[in-house]
Amino acid sequence: MIEAAIEGLWGILHWKAFALMIVGITISSTLVAMPGIGSKTAIALLLPFAFVLNKYEAVALIVSVWAVSNTANSITAILFSVPGGGGSQATIMDGYPMARKGEAARALSAAFTSSAIGGVIGALVLFAAIPVLRPLVLLLGPPEFFMLVMLGVAMVGALSGKAPIKGIIVGAFGLLISMVGIQMISAVPRFTFGSIYLMDGIGLVPLTIGLFAIPELIFLATRGTGIADVPLHDLRHGIFQGMRDVVRHWWLVVRCSILGVWIGIIPGLGSSVADWLAYGHAKQTCKGARESFGTGDVRGVIAVDAATNAKEGGAMIPTLAFGIPGSSTLALIFGGLVIVGVTPGREMLTTQLDVTFSIIWLLIIASIMTSVLCLLFTRQLALVTKIRPTVLFPTILAMAVIGSFASSNQFEDVLVMLAFGTIGYFLRAAGWPRPPLLLGLVLGPLAERYMWTSVQIYGPSFLLQPGVLVIFAILVVSVAYPIWQDQKFKQLLPREGV
Amino acid sequence: MRLQYRTLLTLCLIGVFGFVVVSTWNLPIQARLFPWTVGIIGLGLLALQIFRELRPAQRVEVAEASGADMDFSADEASAVGRAKTIELFGWVYGFVLGLWLVGYYIAIPLMVLLFLLRHKESPILLLLLPIGVWIATWAIFDRLLHLPFPRGELFEWLGVL
C-alpha cells in the first residue's frame, strides 16, 4: 500500500501531470463562476484529451476540474449573490451580506481557506477508508455488485430532483441507451438499425456534451447578459482576518467537513444538499448563530465551504470502491478513467491502487493550490463573469462540436451531440432530471455483465443471496422514502396554501 | 398546454421502452435478459407516471421543476425566451449543417463571425474572435491531437480542394 501511495504521488508530481492539473484547476475555477457552464461541461469538453494521455495525466486533468469546482464558485456567490453552482447557494446567506458590509475579502478568504481544509479532510477520509474497503470489496460477488449498480442508478434517479419516479425512469432510459451496439456476451447487434456507427454504441463524450452543454448554452444565451453587472467590492482588506476566522473556528470546519464527507458517500446527494445541511448544522450548534446567521456571520460561510469541498472525498469512496458514481460528474470521471484503461470498482483497490492514491494526492494538492490561486486572482476570476454570452455561445459551441468529433473522429458523433442536445433541452423543459441518464449510460454495461455472470453462476436464485436482499431492501427504502416524502409534501401544500 | 407537452414526452418514453421490450423478443437470452429487465421495470414506472399526470387532482403536482437539475427559468419560459431558444437551436443546427457542407475550418470561424455580427459586437471582436477560435482549432486539435477533420461535402460534390 505504501508503494502504491508513493507511486501515485510521483505520477501526479511528474511535470506533465502537474502542468495538466494546473490547466484543470484554471479551467475549472474560470468556468464554474458562470452559471450554466459548470464542471460537468468542462469535463465533457476535456474528455477527448484523455485519449492521448497516460493514466496519471488523465487523472490530473479530469479529476482536478471536478475536485476544485466547489471552491471558485463562492466568488460569484459572495460578490454578486449569484450561486456559481449547486454547492454555493448557502454561501450567499452570509457571504453576500458580508460583502455588502465591506467584508468581501474576509468572506472570500474564509471561504477559500475552509474549502482547502475541507478538501484535505475529505481526501484523508478517503485515504483512511481504503484499508477498510479492500476486504469488504473482495467479499462481494457479481450478484451484490449488480444490485449495487442498480442501487446507484435508482438512488441518483430518486434523489436528483423533486420527482423521484421521473429520475428513476431517466436512469432506466440511460441503461437502455447503453444497450445500443454489439452485445458483449452474445455478439448480437442491438438497436443498431443497420448502422455501422451504432455498432460501437453511443459515445459518452458526444452524449454528455449534448445533454448538458447544449441546453446550458441555450440557457446562458437566452439570459442575454453577463452575470456580473454590479461593481466589484474592495478585495484587499480582510484576507488575513478571514484566515484567522477559519483557525478560530477549526472545530466547526472539522465537523462540517465530516458532514460533507458523509453526504458525499451517499449516491445522489450532491453539493446542494451538503451546503444547506452544513449551514443548518452550524446555525443550530454555533453560539448566537440563530440571531447572527443571515446577517453576515463568517461562520455561515466557513461551514458551507468546508462541507461542499470535503464532500468530494466522500463521493469518491463508492465510485472507486464499488464502481458506483454518486453523481453525473463522477460518472463522467468514471468514463474518463475507462478511456485510459482504468475501470473503477474492485481494480481500484487492488491492481490499480496507485491510481486511487494519485486521486487522493490530487484532491489534497488541488484543494490547497486552488485556494491560493483564488486568493491571488479573485478580481480576475470575478471579471471573467463579465464576458457576454454573445461571445461565450459561439466559442463554446465550436469547442463542443470539436470535442464531440474528437471522441471517435466520426461526424456521426456530432449528430449524436445534436440529438442529445435536443433531448436534454426537452427533458429539462419538462422537469425531468438529466444526471441519472448519464449514470445509466456509464453503468449499463457493468450492470449487464454482473447480471449475466450472476445468472450463470446461481441461476435466477442469485436474487435470493443474502447480500442481494440487503442491498435490495436499501434500494426499496431509498426509492420509496423520497416518493413518500414527495406525496406528504404535496398533501400539505393545499392545506398550508403555499 | 404545458401539461399536454409533458404527457407527450411521457408517451414518447413509453414508446421507447415498449420498443425495447418488443424488438428484443427474438434475440438470444443473453442479449434479451437485461433489456427486458430494464424495459419492463421502466414501463411499470412510466405507467405510474402517466397515471399521475392524467389524474385531474395531480395535474398541478406534475408541473414541478426538476429541482437539483438546472431549473427551467422564467426567462426561458416566456414568449421572448421561447423565440430566442428557437433561434439559438437554429444556430446550433445550422452550424452542424455548415460543418457537413463546408468542413470545420470554414464553418467554425464563419459561425463565430455571423453570430457576433447578428449581435452587433465590436469590429475588433469580429476580427479577433473568429481568428482566435480558428487558430485554437488548428493548433490544439489538428497539430496536437491530429484530428482528421473531414472536408466539406460541398467540396466533394464540386470536385474542388
Side-chain angles (χ1 to χ4, degrees), chain A residues 36 48-49 52 86 159-163 165-166 168-169 172-173 175-176 179 183 185-186 188 190-191 214-219 221-223 270 272 390-391 393-395 397-398 401-402 405-406 409 411 414-415 418 421-422 425-426 428-435 447-448 451-452 455 490, chain B residues 5-6 9 13 16-17 20 23-24 27-28 30-31 33-35 37-39 41-42 45-46 48-49 52 61-70 72-73 75-76 81 84-85 88-89 91-93 95-96 99-100 104 108 111-112 115-116 119 121 125 129 133 137 141 145 147-150:
Chain A
F49 290 93
V52 293
L159 299 172
S160 62
K162 293 173 194 163
I165 296 175
K166 284 180 177 179
I168 300 167
I169 292 169
F173 184 46
L175 290 172
L176 293 188
M179 296 173 203
Q183 205 264 337
I185 301 155
S186 61
V188 170
R190 270 188 321 209
F191 318 122
I214 298 297
E216 259 98 287
L217 269 181
I218 301 276
F219 164 71
T222 310
R223 289 180 77 249
S272 52
T390 48
V391 175
F393 182 87
T395 313
L397 179 61
V401 162
I402 298 172
F405 175 77
N409 300 342
F411 188 74
V414 179
L415 299 179
L418 199 62
T422 312
Y425 180 82
F426 283 113
R428 195 179 142 233
W432 290 70
R434 293 164 293 163
E448 184 166 17
M451 186 186 193
W452 185 247
V455 169
K490 281 166 187 167
Chain B
Y5 156 67
R6 284 162 195 275
L9 192 71
L13 284 169
V16 171
F17 278 76
V20 164
S23 66
T24 49
L27 293 182
Q30 296 99 315
L33 187 63
F34 194 54
T37 309
V38 177
I41 293 172
L45 290 167
L46 278 161
L48 188 64
Q49 177 63 25
R52 280 160 55 91
E61 295 171 13
V62 294
E64 68 225 340
S66 55
D69 198 6
M70 199 179 213
F72 206 60
S73 69
D75 284 347
E76 288 169 288
K84 266 187 182 177
T85 302
L88 291 165
F89 264 112
W91 279 99
V92 177
Y93 276 81
F95 177 42
V96 173
L99 289 169
W100 181 69
Y104 285 66
I108 288 172
M111 181 273 295
V112 176
F115 194 86
L116 295 176
H119 292 91
E121 287 292 345
L125 206 60
L129 196 63
V133 172
T137 307
F141 297 98
L145 293 180
L147 287 189
F149 289 122

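Naming convention: chains lettered A, B, ... in sequence-line order (proteins, then strands); numbering from 1 in each chain.
Taking every heavy atom of both residues into account, A:Ile402 and B:Phe149 meet most closely at CG2-CZ, 3.9 Å. The nearest pair of heavy atoms linking A:Thr222 to B:Lys84 is O-NZ, 3.1 Å. In terms of heavy atoms, A:Phe411 sits closest to B:Val96 at CZ-O, 3.6 Å. The minimum heavy-atom distance between A:Ala447 and B:Phe34, with the atom names listed, is CB-CZ, 3.7 Å. Residues B:Gly39 and A:Leu176 share a closest heavy-atom pair of N-CD2, 4.5 Å. Counting all heavy atoms, side chain and backbone alike, B:Leu88 lies closest to A:Ala221 at CD1-CB, 3.5 Å.
Proximity to chain B (any heavy atom under 4.5 Å) is shown, for A:Phe173, by both the backbone and the side chain. Contacts of B:Leu45 with chain A are made by both backbone and side-chain atoms, with heavy-atom separations under 4.5 Å. Residue contact with chain A, scored on non-hydrogen atoms closer than 4.5 Å, involves the side chain of B:Leu129 exclusively. In this structure, chain B has a heavy atom under 4.5 Å from the side chain of A:Val455, while its backbone stays farther away.
Ranked by heavy-atom pairs under 4.5 Å with chain A, the first of B:Val16, B:Leu13, B:Ile108, B:Val133 is B:Leu13. When each of B:Pro35, B:Ser23, B:Ala31, B:Gly42 is checked for heavy-atom pairs under 4.5 Å with chain A, B:Ala31 comes out on top. Across B:Val112, B:Thr85, B:Leu125, B:Leu116, the residue that shares the most heavy-atom pairs under 4.5 angstrom with chain A is B:Thr85. Between chain B and the options A:Val401, A:Val414, A:Thr395, heavy-atom pairs under 4.5 Å are most frequent for A:Val401. With chain B as partner, the option from A:Ile185, A:Ile168, A:Val391 having the largest number of non-hydrogen pairs under 4.5 angstrom is A:Val391.
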For a side chain to side chain contact (heavy atoms under 4.5 Å, CB included) check, start with the C-alpha distance between B:Leu99 and A:Phe405, then their side-chain angles and the critical distance, and finish with the verdict. CA-CA 11 Å; B:Leu99 289 169; A:Phe405 175 77; over 6 Å; no
Audit row: B:Val92, A:Tyr425, side chain to side chain contact (heavy atoms under 4.5 Å, CB included) steps and yes/no: CA-CA 13 Å; B:Val92 177; A:Tyr425 180 82; over 6 Å; no
Carefully, step by step, assess B:Thr24 and A:Met179 under the rule side chain to side chain contact (heavy atoms under 4.5 Å, CB included). CA-CA 11 Å; B:Thr24 49; A:Met179 296 173 203; over 6 Å; no
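Rounding to the nearest 0.5 Å gives a distance of 12.5 Å between CD1 of A:Ile218 and CH2 of B:Trp91. Taken to the nearest 0.5 Å, the CD1 atom of A:Ile169 stands 4.0 Å off from the CG atom of B:Leu46. To the nearest 0.5 angstrom, B:Ile41 atom CD1 is 9.5 Å from A:Leu175 atom CG.
No side-chain donor-acceptor contact under 3.5 Å links B:Gln49 to the backbone of A:Ile165.
By the 4.5 Å heavy-atom criterion applied to side chains, B:Leu27 and A:Gln183 are not counted as neighbours. Contact check for B:Phe115 versus A:Leu397: no side-chain heavy atoms found under the 4.5 Å cut-off. In this structure, the side chains of A:Val188 and B:Pro28 come closer than 4.5 Å at one or more pairs of heavy atoms.
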